[in-house]
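In what follows, a structure is listed as structure tokens, so that the remarks can point back to it.
For the numbers below, each heavy atom of this structure counts, side chains included, while hydrogens, waters and symmetry mates do not. Computed from a predicted model, the values in this text were never measured in an experiment.
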Amino acid sequence: MQSARPCAHAPLLALLLATLAAPLPAQECPDLYEQARKTRETAISETAVARCGALAERGDAAGHYHLGMLKIGAIGTPGDAEGGLALVRRAAENGYAPAQSRLGRMHLRGDIVENDPALAAQWFERAARAGDPLAQYELGQLRYKGQGVEADIYEAYKWFSAAAENFARRGHVPRQKLAERKRETVAAELPAEERARAEGWIASEPGILQGG
């Protein structure tokens, strides 16, 4: 009687099971989501769904958001725009800034949800006050244009300045330069004392600058 031959995939399967059972580091779900979004590689995408799903089951807002985005994008899972949106909204309502920023962009563009610049501005402001640079930049745009919110060049300067600093801290040079150009455009219309007041507010307000 022949003994059973070991499965060639057993070590890989054991490693995957051990990985899924291990405690989930805070940054693993966002990192896996980014890898899955960029590559659409099946194994990475399915791992992202499993790991972010496990985090979501623990009630974690980052898990809700990234699992929601995987569902919306049909990445590693069948497309489910409504189910994904519900998860993104849940994360946003629980204070997760990337989800708030994403909802703002959705409402600004009419992507899945209704086009509503005023509601977009509300979500951007919540995320901007938590230090999200994309939301800060978008809020600066809305404040400068008076789109969905009252035009205010002081507010525009304030949010463009915060976005530029936070993009610099993240090492996002192209976005930093874009925010700096917008800030300089607004600065030409704003008195020096108002610019100084805005910069003082940014430096003193908790949460506006990441790592500050």
request  = Compare all side-chain heavy atoms of Phe160 with those of Thr185 and state whether any distance is below 4.5 angstrom.
outcome  =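 With C-beta onward as the side chain, the pair stays apart.
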
Taking C-beta and beyond as the side chain, do Met69 and His66 meet within less than 4.5 Å on heavy atoms?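 They are not in contact (no side-chain heavy atoms under 4.5 Å apart), so the answer is no.
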
Quick one: which residue pairs count as a side-chain hydrogen bond (donor to acceptor under 3.5 Å, both in side chains) with a foot in [range], not counting sequence neighbours?
| range | value |
| --- | --- |
| residues 119-131 | Glu125-Arg129 |
| residues 73-98 | none |
| residues 106-116 | none |

Taking atom types as modelled, is there a side-chain donor on Gln136 or Asn166 under 3.5 Å from an acceptor on the other?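 There is such a pair (donor and acceptor under 3.5 Å, judged by atom type) between the side chains of Gln136 and Asn166.
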
Side-chain donor-acceptor contacts of residues 29-37 below 3.5 Å, not counting sequence neighbours, with atom names and distances?
{"residue": "Asp31", "atom": "OD1", "partner": "Gln27", "partner atom": "NE2", "Å": "3.0"}
{"residue": "Glu34", "atom": "OE1", "partner": "Arg37", "partner atom": "NE", "Å": "3.3"}
{"residue": "Glu34", "atom": "OE1", "partner": "Arg37", "partner atom": "NH2", "Å": "2.7"}

> Does NZ or CZ of Arg197 come closer than 6.0 Å to the centre of the six-membered ring of Tyr154, within 45° of the ring's axis?
Replying inline: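 Judged by the rule (NZ or CZ under 6.0 Å from the ring centre, within 45° of its axis), Arg197 counts as positioned above Tyr154.
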
Please determine whether residues [X] and [Y] belong to a single hydrophobic cluster, defined as Ile, Leu, Val, Met, Phe, Trp and Tyr linked transitively by side-chain heavy-atom distances below 4.5 Å.
| X | Y | value |
| --- | --- | --- |
| Tyr65 | Ile112 | yes |
| Leu209 | Tyr157 | yes |
| Leu134 | Ile202 | yes |

**Asked** side-chain contact (heavy atoms from CB on, under 4.5 Å) with Ala130: which residues, sequence neighbours excluded?
**Response**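 side-chain contact (heavy atoms from CB on, under 4.5 Å) list for Ala130, sorted by chain: Ala97.
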
Distance-only check: which donor-acceptor pairs under 3.5 Å involve side-chain atoms of residues 174-182, not counting sequence neighbours?
{"residue": "Gln176", "atom": "NE2", "partner": "Glu180", "partner atom": "OE2", "Å": "2.9"}

Original post:
Is the shortest side-chain N to carboxylate O distance from Arg169 to Glu165 below 4.0 Å?
Top reply: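 Looking at Glu165 together with Arg169, the answer is yes, because their closest N to O distance falls below 4.0 Å.
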
